[in-house]
Amino acid sequence: MNFTDELVQWYLSNKRDLPWRNTTNAYIIWLSEIILQQTRVEQGLPYFNRFLEKYPTVTDFAAAHEDEVLKLWQGLGYYSRGRNMLKTARLVQEQYNGVFPTSYDELIKLKGIGEYTAAAIASFSANEAKAVVDGNVYRVLARYYGIFEPINSTQGKKIFQSAASDLLNKQNPALHNQTMMEFGAMLCKPKNPACGICPVREGCYAFINNATTGLPVKLNKLKVRERFFNYFLVTDSNTILMNKRGENDIWANMYDLPMVETSALLSIDELIQLPEVKTMFGNNLNIIEDSPIHKHILTHQRLFVRMIKTDNYPVNMNENWAYFSVENLQDLALPRIIFILIKNIFNL
DNA sequence: AATTCGGGGAC
DNA sequence: GTCCCAGAATT
């Protein structure tokens, strides 16, 4: 048997039973693929179930409000996925009469759908002959064929896309694509791949040359920025002052608290002398409580977050601020760190 | 071509 | 701590 036939045999007897594999409904497959972008199956699965229950069809999704979608997305990260899903659902409802497209060329035009996701939906829903190239496929191809071009360079992406397309089984693209990804996820793992039980190791460059650790090659140019968020908790235990974030920064359109960002970690005394703080609260800020600094790690940012409780009320209201009753907090989409900071206070 | 979008789990 | 996950959009 050749390389891919061996992998298909492995797949048929080792695959996980995942709900989105039991359908050709393009809407359901779209839902799963967006949720699984840069997200492990175990983390995305409960979100997939909740979204499908709440929005059984794309028509239901299109009728949702953005705040509601973001709330359902809370905790999953990369929140633009949720906002783009709503845009796409509404466009499909309007332009496609609620029938989700299944062709690669139509899918690739939609917000939140790139080359990988278009190929995935087209192949899984309609068996269109497009090869998926995700992190798993990069790894399997790099190791088996000994491809050393970096997977995140422009040249590398072309080479891997081309190799994947050449390898694609055009008789059954869906089965082929599922196989490549499942094999990468379950056996040809990033660390400690299970070469001992690998059905194709005899032909694998990386196994033969003991090179699995170094493949695939990836250029690492990750810059991490440090930021210091000083939040103010303004509450009478029945209401709380919340801030709706803007479009540009992290956590777009989600809710946090009134805040002053500083370029360094300041003492509480230094902080209350800042002009921004004085503008918000006047000259006499009364501090009830100053939380420990919470370190929150994102992909490109390290956040140092503190929460200061005060019994003052702002002397100037920001247009993005509003008081919410504490019962309504459960309806707001909160970034993970904000949720952690206030959940014990209000028994969320 | 480079950067920026989260959060969690494995090591 | 590091790496990476069924990547895409923006600059």
Side-chain angles (χ1 to χ4, degrees), chain A residues 15-16 18-21 29-48 70 73-85 87-88 107-121 123-124 131-140 150-158 160-161 164 174 176-186 188-193 213-225 227 245-254 295-303 333-340:
Chain A
K15 64 178 175 175
R16 292 167 289 183
L18 303 175
W20 46 85
R21 286 191 181 144
I29 293 168
W30 167 71
L31 207 52
S32 72
E33 291 299 339
I34 304 296
I35 287 173
L36 291 173
Q37 285 169 2
Q38 293 295 287
T39 303
R40 294 172 194 281
V41 166
E42 310 84 73
Q43 189 187 3
L45 188 50
Y47 286 85
F48 170 80
L70 285 176
W73 201 273
Q74 177 177 298
L76 195 54
Y78 284 177
Y79 296 94
S80 67
R81 291 183 291 170
R83 294 186 288 124
N84 283 334
M85 279 187 105
K87 292 178 190 168
T88 289
L107 290 162
I108 195 73
K109 299 175 188 169
L110 303 175
K111 278 283 186 202
I113 298 182
E115 289 183 45
Y116 162 77
T117 304
I121 300 173
S123 64
F124 299 152
V132 297
V133 184
D134 74 333
N136 294 307
V137 175
Y138 279 123
R139 188 167 54 252
V140 172
I151 61 174
N152 54 342
S153 70
T154 304
Q155 174 78 350
K157 286 177 190 168
K158 284 184 186 172
F160 281 94
Q161 180 68 58
H176 173 95
N177 283 335
Q178 292 284 9
T179 294
M180 297 298 288
M181 291 195 286
E182 187 78 341
F183 180 74
M186 304 298 291
C188 196
K189 296 176 293 182
K191 292 180 182 173
N192 303 323
T213 308
L215 288 171
V217 176
K218 188 173 185 179
L219 299 173
N220 215 343
K221 44 203 170 192
L222 188 65
K223 290 177 193 167
V224 179
R225 176 163 64 124
R227 304 175 72 178
R245 297 178 58 82
E247 292 278 0
N248 297 323
D249 204 349
I250 56 171
W251 307 326
N253 295 5
M254 297 175 73
K295 192 171 171 181
H296 189 66
I297 307 296
L298 306 179
T299 302
H300 288 81
Q301 302 184 22
R302 270 207 304 264
L303 307 181
L334 308 175
R336 196 79 186 117
I337 183 62
I338 301 301
F339 183 75
I340 290 169

Considering just the side-chain nitrogens and oxygens of [X], establish if one lies under 4.0 Å of OP1 or OP2 belonging to [N].
{"X": "Lys191(A)", "N": "dC11(B)", "value": "no"}
{"X": "His300(A)", "N": "dG6(B)", "value": "no"}
{"X": "Trp251(A)", "N": "dG7(B)", "value": "yes"}
{"X": "Gln74(A)", "N": "dG7(B)", "value": "no"}
{"X": "Arg81(A)", "N": "dC5(B)", "value": "no"}

Outermost nucleotides of DNA chain C that come under 4.0 Å of a non-hydrogen atom of chain A:
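Result: dG1(C) to dT10(C).
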NE2 of His296(A) versus C1' of dG8(B): gap in Å, rounded?
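Result: 10 Å.
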Check: Gln178(A)/Arg21(A) side-chain N/O donor and acceptor closer than 3.5 Å:
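There is such a pair (donor and acceptor under 3.5 Å, judged by atom type) between the side chains of Gln178(A) and Arg21(A).
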Partner residues of Arg336(A) under the side-chain contact (heavy atoms from CB on, under 4.5 Å) criterion, sequence neighbours left out:
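For Arg336(A) the side-chain contact (heavy atoms from CB on, under 4.5 Å) partners, ignoring immediate neighbours, are His296(A), Phe339(A), Ile340(A).
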Non-neighbouring partners of Ala131(A) that pass side-chain contact (heavy atoms from CB on, under 4.5 Å), sequence neighbours left out
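If we apply the side-chain contact (heavy atoms from CB on, under 4.5 Å) test to Ala131(A), skipping adjacent residues, the hits are Ala164(A), Ser165(A), Leu168(A), Asn177(A).
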Determine whether a donor-acceptor pair (one donor, one acceptor, N or O, separation below 3.5 Å) exists between the side chain of Thr39(A) and the base of dG7(B).
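It does not, because no donor-acceptor pair links the side chain of Thr39(A) to the base of dG7(B) below 3.5 Å.
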5'-most contact on DNA chain C: Arg21(A) or Lys111(A), nearest heavy atom basis?
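Final value for this comparison: Arg21(A).
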With Phe48(A), which residues qualify under ring-ring contact (aromatic ring centres under 6.0 Å, His included), at least two apart?
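ring-ring contact (aromatic ring centres under 6.0 Å, His included) check on Phe48(A) returns Trp20(A).
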Does Tyr138(A) have any ring-ring contact (aromatic ring centres under 6.0 Å, His included) partners at least two apart in sequence or in another chain, and if so, which?
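For Tyr138(A) the ring-ring contact (aromatic ring centres under 6.0 Å, His included) partners, ignoring immediate neighbours, are Phe160(A).
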Which residues satisfy the salt bridge (charged side-chain N to carboxylate O under 4.0 Å, His left out) test with Arg227(A), sequence neighbours excluded?
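In terms of salt bridge (charged side-chain N to carboxylate O under 4.0 Å, His left out), with neighbours along the sequence ignored, Arg227(A) is linked to Asp249(A), Glu261(A).
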Using atom P in both nucleotides, what's the gap between dT4(B) and dA6(C) to the nearest angstrom?
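Straight-line distance between the two P atoms is 25 Å.
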Select base, sugar-phosphate, or nothing to describe what Asp249(A) touches, counting heavy atoms under 4.0 Å on all strands.
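Here Asp249(A) touches the backbone only, sparing every base.
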